[in-house]
Amino acid sequence: MVSSVSSQPALVLVVDPDPANQRSLRDRLVRLGYTARSVDDHQSALEIISATPPDVVLLPGNADRSEGWGALQTQLDNWGIPVLRLGEPAPRPAPTADPGDTDLRLRVESALQTRNLYKALVLENARLSAERLHDTLTGLFNRRYIMIRAEEEVRRSSRHGYPLSCLLLDIDRFGDLNDKWGHVVGDGVLRDLSHVITRTMRATDVASRYRDDEFLILLTDTDADGAQIAANRLRDAVADHNFFNSDGSDPLRITASIGIAYWQPVKGSQSGTWEPQLLALAERALRAAKLSGPNRLVMLQAA
């Protein structure tokens, strides 16, 4: 008798032009433990569904011959809301023509199971979609997504002549941290770092976990000076942050090295750098930064 999304009673919407039938069904549904609402026509039902989608809709058997049924049916299908038809309304007074309470309960519960299965399917599809796009540990975009997005941004920059930069960040001596504190603490550092990145970068920047302890950030419409400013801001934010240590009383302090790749395309040109070259350039810059010592930046510009 409850909705699948909360502990509240399931909401049943009665659509019937007869006020007496509405009142009778509302009373019976409430007696059975449901929340009941009723409307006179399909337009009113559409407004209810837009504001507060019910779990089940009860309709008289001739509903599909009434005005506005097509629009209502479309919305019901979009929301996955099951419909119970109660048959042609009997002339009053004939209360025994309605299904008994037991039969009504069974039919509503069967409809609710259909509704709950639909909701479970929607949630599972949403979860699978999120997993295809996001890294499960950090919540940032994953490598698969950033490769697709990088290709899109390169094409957009080529079309309009906008500058495009990217940062490739790697935690200094992350292997030593894992060896000393264990992978549980290391995973916590990666999660903390994802928050530092999200808090420090612009809303228009696209951050991802590239691999292991490497993070790639695309900086759209950003020239070399802007990329260097962003990289310095991010490097300082990492060095200043107290990373939580679940196995020790004192926070962990880490630094990061960052490789910067920058590209200024010629507007309308179909030639030039494409995303593997841009990302390969960022990897070269990161290797150079790591070789020059911890907590360093190196920038390379694509031709």
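From a predicted model like this one, the values you see are computed outputs, not experimental measurements. Side chains included, hydrogens not; waters and symmetry mates left out as well; all remaining heavy atoms used.
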Whether the side chain of Glu214 engages the backbone of Arg209 through a donor-acceptor N/O pair (distance < 3.5 Å, no angle test) should be reported. no

Atom pair CZ (Arg26) and OG1 (Thr35), whose distance is rounded to the nearest 0.5 Å: 13.0 Å

Would a single hydrophobic cluster contain both Val196 and Met201, if residues Ile, Leu, Val, Met, Phe, Trp and Tyr are joined by side-chain heavy-atom contacts under 4.5 Å? yes

How long is the gap from CG on Asp240 to OG1 on Thr200, to the nearest 0.5 Å? 10.0 Å

ILVMFWY network linking Leu219 to Leu279, side-chain heavy atoms under 4.5 angstrom: no

CG on Leu76 to CD1 on Ile49, rounded to 0.5 Å: 4.5 Å

salt_bridge(Arg211, Glu283) N-O dist < 4.0 Å: yes

Quick one, Leu252 with Val185, criterion side-chain contact (heavy atoms from CB on, under 4.5 Å). Give me CA distance, side-chain angles, the key distance, then yes/no. CA-CA 10 Å; Leu252 296 171; Val185 172; 3.5 Å; yes

Once rounded to the nearest 0.5 Å, what's the spacing between atom CD1 of Ile81 and atom CD of Gln73? 12.5 Å

Trace of the side-chain hydrogen bond (donor to acceptor under 3.5 Å, both in side chains) decision for Asn242 with Arg253: CA-CA 6 Å; Asn242 291 321; Arg253 303 300 294 266; 3.2 Å; yes

Count the heavy atoms belonging to other residues, nucleotides or ligands that lie under 6.0 Å from CZ of Arg173, then report whether that count exceeds 12. no

Is there a chain of hydrophobic side chains (I, L, V, M, F, W, Y, each step under 4.5 Å between heavy atoms) that links Leu218 to Leu234? no

Closer than 4.0 angstrom, basic N to acidic O: yes or no for Arg143 and Asp135? no

Around atom CZ of Arg155, are there more than 12 heavy atoms of other residues, nucleotides or ligands at under 6.0 Å? no

In short, Gln264 meets Gly161 closest at the heavy-atom pair NE2-O, 2.8 Å

In plain terms, say whether Glu153 and Arg149 are close enough for a salt bridge, that is, a side-chain N and a carboxylate O under 4.0 Å apart. yes

Minimum-distance pair of heavy atoms, taken over all atoms of Leu140 and Ser208: CB-CA, 4.0 Å

Donor-acceptor contact below 3.5 Å, side chain Ser194 vs main chain Arg191: yes

Electrostatic pair Arg156:Glu152 at N-O distance under 4.0 angstrom: no

Could you walk me through whether Ile260 and Ile258 pass side-chain contact (heavy atoms from CB on, under 4.5 Å), step by step? CA-CA 6 Å; Ile260 310 166; Ile258 301 177; 4.2 Å; yes

Step-by-step side-chain contact (heavy atoms from CB on, under 4.5 Å) determination, Leu193 to Phe243: CA-CA 8 Å; Leu193 180 57; Phe243 288 82; 4.1 Å; yes

Would you say CH2 of Trp79 has more than 12 non-hydrogen atoms from neighbouring residues, nucleotides or ligands within 6.0 angstrom? no

Side-chain heavy atoms under 4.5 angstrom apart, residues restricted to Ile, Leu, Val, Met, Phe, Trp, Tyr: same cluster for Phe141 and Phe215? no

Point-to-point distance, once rounded to the nearest 0.5 Å, from CG of Asp192 to OG1 of Thr138: 11.5 Å

Walk me through whether Tyr262 and Thr222 qualify under side-chain contact (heavy atoms from CB on, under 4.5 Å). CA-CA 8 Å; Tyr262 163 68; Thr222 304; over 6 Å; no

CG (Asp172) and OG (Ser257) are apart, to the nearest 0.5 Å, by 3.5 Å

Can a donor-acceptor pair be found between the side chains of Asp41 and Ser44 at a distance below 3.5 Å? yes

When hydrophobic residues are tied together by side-chain contacts of less than 4.5 Å, even through go-betweens, does Leu168 share a cluster with Met299? no

